[in-house]
Structures are given as C-alpha cells and as structure tokens.
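Right, one structure below, let's go through it.
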Amino acid sequence: MTKILILRASGKIKPISLSGFDIIQIPVINVIPNEELINKVSLNDANYVIIMSSVVVRYLSEKLKQLGSSTLVIGVGPRTCDEVQKLGLRCEVPREFSSHGIVELMSKLPRGKVVVLRSSRGSDYIRNELGRIGHEVIEYGIYDLRPDPINVGVACRLINYVDYVVFMSPMTYEAVRECARETLKGRAVVAIGRVTADRLREDGINPLMPSEYTLNGVLRVLIESLNDY
C-alpha cells in the first residue's frame, strides 16, 4: 500500500479514504487568532472582500454576515467559498486558486476599495499588485501560523517511512525544513501550489504540483504519478 504523509495546519484535518493509499495527516502548524485585530476589522464601504483561507470565515463570520449585496466576496478556492456561502453570501472563485489567480481576477474588475483577510504570514503580493493597478487595498492578518513542536517531531520521523510527502502550504515546509531538507531531495514530494513549489525548489527539491490547488487536485496528481510507473 502506498503511504502518503500530508502536512497541514490545525483545523483543516478531515478524514481521507482512498483505495490503495494509507494517508497520514499531521497538523504541523497551529492557527493562533489575533483577537485584538479581529475586533478592529472593518468591512465598511468595501467594494471587494478577499478571503485567503476558510479559517478567516471561522473568526469573522458575524462581520461577514453584515455585508451588503453591493460587496463582492472573493474566496481563494472552492472550500473557502463554500464556507462563505453557508453565511448566505455570494462568493466568486478565481480561475487559479492562488494569490496569482486573485490578482488576475481583480485586474478585470472595476477599481475600488478592497479588504484582504488572511494570515499574518502571507506575502505582500496581493496588496502590492492590486495597489499597482489602481485598487485601494486594506489588509488584515487576523491569525498567525506557528509550528507545533510535538507534531513536527512526529512528522520528521515519519518522512523516512512514506512514499510521498505532501505540503499544503509554504509554512508546512518551513516547519519541518531543518529535519527534512536533505531527506526530501530526490524523494516524491507534492506541493499544493506554485508558491509552495517555488519555496521547495529554492532548497533543491523538485515537487509535483497539481493543476488545481486543492486537496482533490493533490490526490489526482498522486494517482497520476503512480499510474506513470
């Protein structure tokens, strides 16, 4: 049976059953809300609200429910939009489920006031690019991401005994980098998207990358990889 180790953030672990695969998920990253900043978040007069993770909806559901129909909500991917739609809001998804996809979508929309809701560890790419093309951008990093030392230790031991290692964000790689950087070279590794893949390549690791930046996309690329053998 093919053994797959998926490294994720806490709060995102759901059972996965796939015939022929032994899938182990470990939350190597803890999500720490910034309660003070969450209380300060203002969505007033926003033309667009960009949500970079389903975690955001967990902490800001009441404020999001107050949005009017004139505000367009954009979620980075299907799972994020699913959580938004549960609040009774319409949600758009970019063609590519990434920061690059968000910018591509926003470049085609009328310029306006944009509120970006994300973790404090994300890059400045969206803010810089949207500002460059004429949007007014306000960002809130409403939660932090920190390695879980116990689960990192478990993951570091397991990496040597699995067939594939899957990284669901750049931070999941950073969490195990010291123990895994050399081990992963020449190994079968999957990165969920281009930002994660680029980070791995910086360390000489050449990952597979799905065409759809979702868990389903990751599972498809794993199946395709095995079928190639």
Side-chain angles (χ1 to χ4, degrees), residues 2-13 16 21-32 52-53 55 76-77 79 96-104 118-129 141 143-229:
T2 301
K3 292 182 172 58
I4 299 169
L5 175 62
I6 300 178
L7 303 183
R8 313 199 69 172
S10 62
K12 293 197 172 186
I13 305 293
I16 302 172
F21 292 86
D22 181 12
I23 299 176
I24 307 162
Q25 299 185 79
I26 298 181
V28 293
I29 298 295
N30 285 327
V31 176
I32 312 295
M52 295 304 295
S53 167
V55 174
V76 71
R79 181 179 175 190
E96 179 183 306
F97 308 151
S98 70
S99 297
H100 296 85
I102 293 284
V103 171
E104 179 187 28
R118 45 169 268 190
S119 84
S120 60
R121 297 299 183 105
S123 75
D124 296 328
Y125 177 77
I126 289 179
R127 183 179 63 198
N128 291 342
E129 288 300 304
Y143 61 93
D144 193 11
L145 299 170
R146 300 175 192 169
D148 180 317
I150 294 176
N151 285 345
V152 166
V154 173
C156 286
R157 290 191 291 273
L158 283 176
I159 282 171
N160 294 304
Y161 302 100
V162 298
D163 301 292
Y164 289 86
V165 182
V166 177
F167 293 99
M168 297 298 284
S169 72
M171 274 293 295
T172 58
Y173 171 64
E174 297 293 351
V176 299
R177 180 175 180 266
E178 290 306 310
C179 74
R181 178 175 47 184
E182 297 303 320
T183 303
L184 292 172
K185 292 178 181 177
R187 297 284 302 278
V189 177
V190 180
I192 192 166
R194 70 164 87 179
V195 176
T196 306
D198 288 346
R199 180 64 191 92
L200 289 163
R201 292 187 187 108
E202 288 175 9
D203 281 349
I205 301 163
N206 188 29
L208 300 169
M209 189 176 73
S211 57
E212 179 185 290
Y213 302 166
T214 63
L215 179 58
N216 286 337
V218 166
L219 296 177
R220 280 195 292 270
V221 83
L222 287 167
I223 293 169
E224 290 166 5
S225 174
L226 288 171
N227 288 340
D228 287 341
Y229 287 101

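No hydrogens, no waters, no symmetry mates; every other heavy atom, side chains included, goes into these values.
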Please tell me if the side chains of Ile4 and Val166 come closer than 4.5 Å, counting only heavy atoms from C-beta onward.
-> yes

What heavy-atom pair brings Asp203 and Arg177 nearest, and what distance separates the two atoms?
-> OD2-NE, 2.6 Å

Please report the C-alpha distance between Tyr143 and Leu145 in whole Å, then the side-chain angles of each, then the deciding distance to 0.1 Å, and finally whether the side chain to side chain contact (heavy atoms under 4.5 Å, CB included) criterion is met.
-> CA-CA 7 Å; Tyr143 61 93; Leu145 299 170; 3.7 Å; yes

Would a 4.5 Å heavy-atom cut-off, applied to side chains only, mark Glu96 and Arg194 as touching?
-> yes

Could you give the distance from CD (Glu202) to CZ (Arg199), rounded to the nearest 0.5 Å?
-> 5.0 Å

Note, Met209 side chain near Ile192 side chain (heavy atom, < 4.5 Å) = no

Would you name the heavy atoms of Val28 and Val152 that are closest together and state the gap between them?
-> O-CG2, 3.8 Å

Look at Asp144 together with Arg146 and state whether they make a salt bridge at an N to O cut-off of under 4.0 Å.
-> yes

Minimal heavy-atom distance between Ala175 and Pro147, with the atoms involved, is CB-CB, 4.2 Å

Check Glu212 against Asn216 and note the closest heavy-atom contact, atom names and distance.
-> OE2-CB, 4.3 Å

Thr196-Tyr213 side chain donor-acceptor pair, cut-off 3.5 Å = no

Using the side chain to side chain contact (heavy atoms under 4.5 Å, CB included) rule, pick out the option among Asp22, Ile23, Ile159 that qualifies with Leu5.
-> Ile159

What is the distance from atom OG of Ser99 to atom CE of Met52, rounded to the nearest 0.5 Å?
-> 3.5 Å

Examine distances only and state if a side-chain atom of Arg187 and a backbone atom of Asp163 form a donor-acceptor pair shorter than 3.5 Å.
-> no

Is there a side chain to side chain contact (heavy atoms under 4.5 Å, CB included) between Val176 and Leu7 once you walk through the steps?
-> CA-CA 9 Å; Val176 299; Leu7 303 183; 4.0 Å; yes

Got Leu208 and Ser225 here, is their nearest side-chain heavy-atom distance under 4.5 Å?
-> yes

Kindly determine whether Arg181 and Tyr173 satisfy side chain to side chain contact (heavy atoms under 4.5 Å, CB included), including the steps that lead there.
-> CA-CA 9 Å; Arg181 178 175 47 184; Tyr173 171 64; 3.7 Å; yes

Are side-chain heavy atoms of Phe167 and Leu200 found at a separation under 4.5 Å?
-> yes

Side-chain donor or acceptor of Arg79 paired with backbone N/O of Leu215 under 3.5 Å = no

Measuring from Ser10:OG to Ile29:CD1, what's the distance to the nearest 0.5 Å?
-> 8.5 Å

From Ser119 atom OG to Ile32 atom CD1, the distance as rounded to the nearest 0.5 Å | 12.0 Å

Where Pro170 and Val195 come nearest, the two heavy atoms and their spacing = CG-CG1, 3.7 Å

Ignoring hydrogens and geometry, is there a side-chain-to-backbone donor-acceptor pair from Asn151 to Ile26 under 3.5 Å?
-> no

Any side-chain heavy atom of Val190 sitting closer than 4.5 Å to one from Pro210?
-> yes

Is there a side-chain contact between Tyr125 and Ile102 (heavy atoms, below 4.5 Å)?
-> no

For the atom pair CD (Glu178) and SG (Cys156), what is the distance rounded to the nearest 0.5 Å?
-> 9.5 Å

Would you check if Ile24 and Leu158 make a side-chain contact, meaning some heavy-atom pair closer than 4.5 Å?
-> yes

Could you check Val165 against Leu184 for side chain to side chain contact (heavy atoms under 4.5 Å, CB included), going step by step and ending with a plain yes or no?
-> CA-CA 8 Å; Val165 182; Leu184 292 172; 4.0 Å; yes

Roughly how far, to the nearest 0.5 Å, is the CD atom of Gln25 from the CZ atom of Arg8?
-> 5.5 Å

